[in-house]
Amino acid sequence: MKTVAVLSLLASLASAASLTLVTENFGPNPRNNPFYIYVPDVLPPNPAILVNPHWCHGTAPAAFSGSQYATLASQHGFIVIYPQSSPAQANSDKCWDVSSKETLTHNGGGDSLGVVSMVKWTINKYNADPKRVFVTGVSSGGMMTQVLLGSYPDVFAAGAAFAGVPFGCFAPAGNNTGAFGYWSDDCAKGRVTKTPAQWADLVKSAYPGYDGWRPKLQLFHGTNDEILDYVNHQEGIKQWAEVLGVGITPVSVTPNTPISGWTKSVYGAKGWLEGYSAAGVPHDIRVQEATVMAFFELACKGEDCFRWGDGEWCDAEPSATTSSVVVSTTGAPVTTTSTSSTSVRVTTPSATSTSLRVTTTFVTSTSTAAPVAGQPLWAQCGGMGFNGPTACAVGTCTIYNPYYAQCVPRTGVPIW
């Protein structure tokens, strides 16, 4: 009996899911990016796919062991792709190609095409759901997340970028063909600022003529990021808010979410863009797997889960005269001023909730105080080359560096 038990245990261990290097030809891969995959032992029909590119100086195995996604994949039945940067970068920084014309162009080449080939191979191999493909990464992986969403909006349903930069921010001026290993110190230090329309043009030029559905996005950034300046967070908000047509003024702001000291801002009535400012956090930002899982609905199974093509991703920018919600520093929403009655979504954290789905309520304001002139919360209010308003209608204009100042909440008082 002991022999049978031991053999049974060995068979179980032999079949246990593990990180695996894919060695067969998986399609166009111009930069020869290695492809690692984690496939749970038990998969539902048509499983979802999560792509998790690593950070600079990282590897696919490091990304695998550096987060809970593989464990969550086994619990909820989705596949995780762990791509690795090109061997051409192996003796340098192991960063992703986020600067070349090739990677920033749909089907143009570069690292992004190699990653998309990994996705298509996985869909075919495991009969995965082509409409439930997601991507998340930190640092260079956060940059690549935004590159993949911009260059391949027809492949990815959503992304979550931690401590990254906007799409195209690292591209050198002029001809960027073949600029695979380019490091933009100007972008990294927050010296690259553009209007929302200029940022959006970079995304739209990646796939000329594409006017289809766009993936939703979360952006996370620490305010004390010493490697990729926090300026890049607001520039990313400007870019994707314009691409999605939701406006740069948040419709809701929730402090201490998902953890103490972090502030969640939601842009657009449909919640297609979320920004998380982590107060005092450096570049080594903590991954929030539960928050990402909820946004992607990766714990969901069946036909009712979020997928590519769901809903109308674009909604009209709210009127400048309809600001209507206060979120106090404790996270409780209260009613405030407006020139007309309007309803907006407010998210409040729950100390007892363990659900991976976001719960929302609606608050209607009816009071009539006059609006204050100036920039909205989180908007740029100063810096070299900035010609816009320097006063804040909400919050205080805070200088981050000579190139960028932003309207941020006043400490200890309501932020709207």
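One is the number of the first residue; the rest follow in order along the sequence. Treat the numbers as computed from the prediction; the structure is a model and nothing was measured.
- Remark: side-chain polar atoms of Lys194 are not paired, donor with acceptor, to backbone N or O of Gln239 under 3.5 angstrom.
- For Phe64 and Tyr38, the gap between ring centers is short of 6.0 Å.
- Geometrically, Lys120 does not engage Phe26 in a cation-pi contact, judged by NZ or CZ lying under 6.0 Å from the ring centre and within 45° of the ring axis.
- The shortest side-chain heavy-atom distance between Leu219 and Gln146 falls under the 4.5 Å cut-off.
- In this view, Tyr82 satisfies the side-chain hydrogen bond (donor to acceptor under 3.5 Å, both in side chains) rule with no residue, not counting sequence neighbours.
- To the nearest 0.5 Å, atoms CD1 (Ile49) and CD1 (Ile37) are separated by 7.5 Å.
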Checklist entry - Are Gln288 and Trp262 close enough, and set up right, to give a side-chain hydrogen bond (donor to acceptor under 3.5 Å, both in side chains), and what steps lead you there? => result CA-CA 11 Å; Gln288 303 296 319; Trp262 292 36; over 6 Å; no
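- Considering only residues two or more places apart in sequence or on other chains, Asp186 meets the side-chain hydrogen bond (donor to acceptor under 3.5 Å, both in side chains) condition with Arg191.
- Two rings, from Trp240 and Tyr267, have their centers 6.0 Å or more apart.
- Side chain to side chain, Ser277 and His221 fail the donor-acceptor criterion of an N or O pair below 3.5 Å.
- In this structure, the separation between CD1 on Ile248 and CG on Leu273 is 11.5 Å, given to the nearest 0.5 Å.
- Here side-chain hydrogen bond (donor to acceptor under 3.5 Å, both in side chains) pairs that include residues 168-179, with residues two or more places apart or in two chains, are Asn175-Thr177.
- Taking CG of Asp111 as the start and OG of Ser85 as the end, the distance is 7.0 Å to the nearest 0.5 Å.
- Looking only at side-chain heavy atoms (C-beta outward), Trp96 and Val115 come within less than 4.5 Å of each other.
- Looking at heavy atoms from C-beta onward, Gln84 lies out of side-chain contact with Asn33 at the 4.5 angstrom threshold.
- For Thr257 and Tyr276, the side-chain atoms include no donor-acceptor pair closer than 3.5 Å.
- Aromatic ring centroids of Tyr152 and His106 lie under 6.0 Å apart.
- With 3.5 Å as the limit, one finds no donor-acceptor pair spanning the side chains of Glu242 and Trp199.
- For Trp183 and Phe170, the distance between ring centers is under 6.0 angstrom.
- Between the Thr103 side chain and the Val147 main chain, no donor and acceptor come within less than 3.5 Å of each other.
- Looking only at distances, a side-chain donor or acceptor of Glu226 sits under 3.5 Å from a matching main-chain atom of His283.
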Next on the checklist: Does Val281 form a side chain to side chain contact (heavy atoms under 4.5 Å, CB included) with Thr223? I'd like the steps, not just the answer.
Outcome noted: CA-CA 6 Å; Val281 172; Thr223 61; over 6 Å; no
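- The SG atoms of Cys95 and Cys56 sit under 2.5 Å apart.
- Closest heavy-atom contact between Gly261 and Asn256: N-OD1, 2.9 Å.
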Checklist entry - Given the rule in the disulfide bond (SG atoms under 2.5 Å apart) test, do Cys397 and Cys392 qualify, once you have shown the distances and angles that lead to the verdict? => result CA-CA 6 Å; Cys397 188; Cys392 295; 4.6 Å; no
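- You'll find the ring centres of Phe306 and Trp272 inside the 6.0 Å limit.
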